[in-house]
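The block underneath contains the structure these notes are about, expressed in structure tokens.
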There are 2 protein chains.
Amino acid sequence: MKRKIDIDPPLILEAFTPYRLNKAAEAVSHRFASLYRDQYGLTRPEWRTLATLGQFGTMTATAIGTHSSMHKTKVSRAVLALEQRRWLLRKRDETDRRVENLVLTPAGRKAYLDLVKVAHDFEAELLQQLGPRGAAALKNGLEALEKLAG
Amino acid sequence: MKRKIDIDPPLILEAFTPYRLNKAAEAVSHRFASLYRDQYGLTRPEWRTLATLGQFGTMTATAIGTHSSMHKTKVSRAVLALEQRRWLLRKRDETDRRVENLVLTPAGRKAYLDLVKVAHDFEAELLQQLGPRGAAALKNGLEALEKLAG
DNA sequence: CCAATTTAGTTGCAATTGTGACGATCTATT
DNA sequence: AATAGATCGTCACAATTGCAACTAAATTGG
């Protein structure tokens with residue numbers, strides 16, 4: 001005679017959405033990071049800073065942090081590293097002297113444009129590997145997630 | 001008269017799939033981590049170790065690392081922490097004395113079951129917030145991603 | 001106008017993580 | 001059985017990160 005089993009169902013980690021999401025994101029990030037690390041010796045905070053500055057032009061460190069979800073000390077160190085490579089310049093804001101307006105140098109912009117190509121190629125290959133259905137699903141899923149936390 | 005503009009299109013970070021994926025995963029992970037951190041003082045490696053052991057029963061540190069994508073030193077430290085809480089026991093394998101077979105204690109299993117409930121609740125709320133379409137899309141997208149890197 | 005509060009960015013310190021080397025043990029080859 | 005190579009887990013050390021305190025400058029409110 002069968003009876004009800006009253007153990008809690010254990011958690012299947014491979015089916016747990018936060019875990020799956022995290023693992024997938026880490027795998028993708030890691031593959032992309034190896035490109036800019038191997039080709040340019042950039043760290044992830046440095047890449048994000050470069051990408052944000054390249055996208056928006058002149059910008060402050062705080063704005064970069066807000067926009068790319070990085071702590072201000074991370075941004076501070078990334079800015080220092082990029083400055084030492086001569087990829088960006090700091091300009092004191094004349095009307096608010098606490099602020100530094102950051103701008104890419106020509107060398108910084110050139111590296112940025114190179115990396116934009118690397119990024120676009122990487123994404124294109126990723127989406128192609130996912131196939132049209134997988135790519136569309138992923139984008140829709142991400143969109144739904146983004147609507148939650150902002 | 002219009003003419004072709006020949007600048008590269010800049011990268012829009014908010015539309016770049018690896019970035020979106022990473023940001024979404026971090027937001028979700030962080031929200032979930034705050035639950036087990038606040039309620040049990042667990043770190044992420046500790047939670048993952050507990051969850052893997054709870055799911056599979058007796059297991060070695062190396063197997064935990066392989067299964068949950070953690071470096072072996074991370075696992076080693078998480079195991080030490082869980083051992084000190086008396087949530088797991090190490091048993092030397094008799095046939096291979098390099099190996100430690102790890103098992104949850106009753107206290108460890110109780111904590112695990114509590115956290116399984118927290119995890120299930122968290123996931124249910126997440127999926128509910130995403131709505132049926134968003135949740136399905138996310139799952140399909142993750143499935144497509146998992147088929148790539150394994 | 002001045003004190004209190006807020007903001008931008010940096011720095012020192014502590015915690016977390018990754019790397020490489022290590023001792024111990026097992027396996028494979030001769 | 002003896003040597004060489006692989007594997008398990010740990011440790012010491014270096015690099016990365018986060019937090020809190022700090023300087024300098026702007027803003028707010030009496």
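Letters go in sequence order (proteins before strands), and every chain restarts at 1.
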key: Spacing of A/E26 atom CD relative to C/dG18 atom P, expressed in whole Å   = 9 Å
inquiry  = What is the separation between atom CZ on B/R44 and atom P on C/dT17, rounded to the nearest whole Å?
reply    = 8 Å
remark   = Assign each of A/R97 and A/T43 the nucleotide of DNA chain D bearing its closest heavy atom; nearer the 5' end lies the nucleotide of A/T43
query = In whole angstrom, what separates A/D96's CG from D/dT27's C1'?
reply = 10 Å
query = For DNA chain C, which residues in residues 63-89 of chain A have a heavy atom at a distance below 4.0 Å?
reply = A/K72, A/T73, A/S76, A/R77
Distance-only donor-acceptor check, side chains A/S29 and B/N22, under 3.5 Å = yes
ask   = Between A/Q55 and B/E14, does any side-chain donor sit less than 3.5 Å from a side-chain acceptor?
value = yes
ask   = Can B/K91 and B/E100 be counted as an ion pair, charged N to O under 4.0 angstrom?
value = no
message = Donor-acceptor check, side chain of A/R92 to backbone of A/R98, threshold 3.5 angstrom: yes or no?
response = yes
task = Starting from C1' on D/dC8, measure out to CG on B/D93 and report it in whole angstrom.
result = 11 Å
message = Counting only heavy atoms not in B/R133 (residues, nucleotides, ligands), do more than 12 fall under 6.0 Å from its CZ?
response = no
query = For B/R90 and D/dT10, is the shortest distance between a side-chain N/O and OP1 or OP2 below 4.0 Å?
reply = yes
key: Length of the CG-P vector between B/L102 and D/dG9, whole Å   = 7 Å
query = Under 3.5 Å, is there a donor-acceptor pair between the side chain of A/R48 and the main chain of A/A78?
reply = no
Distance in angstrom units between A/R37 CZ and C/dT19 C1', rounded = 14 Å
ask   = B/R98 has an atom CZ; how far is it from atom P of C/dT25, in whole Å?
value = 10 Å
Atom-to-atom span, CG of A/N101 to C1' of D/dA25 - whole angstrom = 15 Å
note = With sequence neighbours left out, the residues meeting side-chain contact (heavy atoms from CB on, under 4.5 Å) with B/A111 are B/Y40, B/W87
key: Minimum-distance nucleotide to B/E100 side chain [options: D/dA25, D/dG9, D/dA6]   = D/dG9
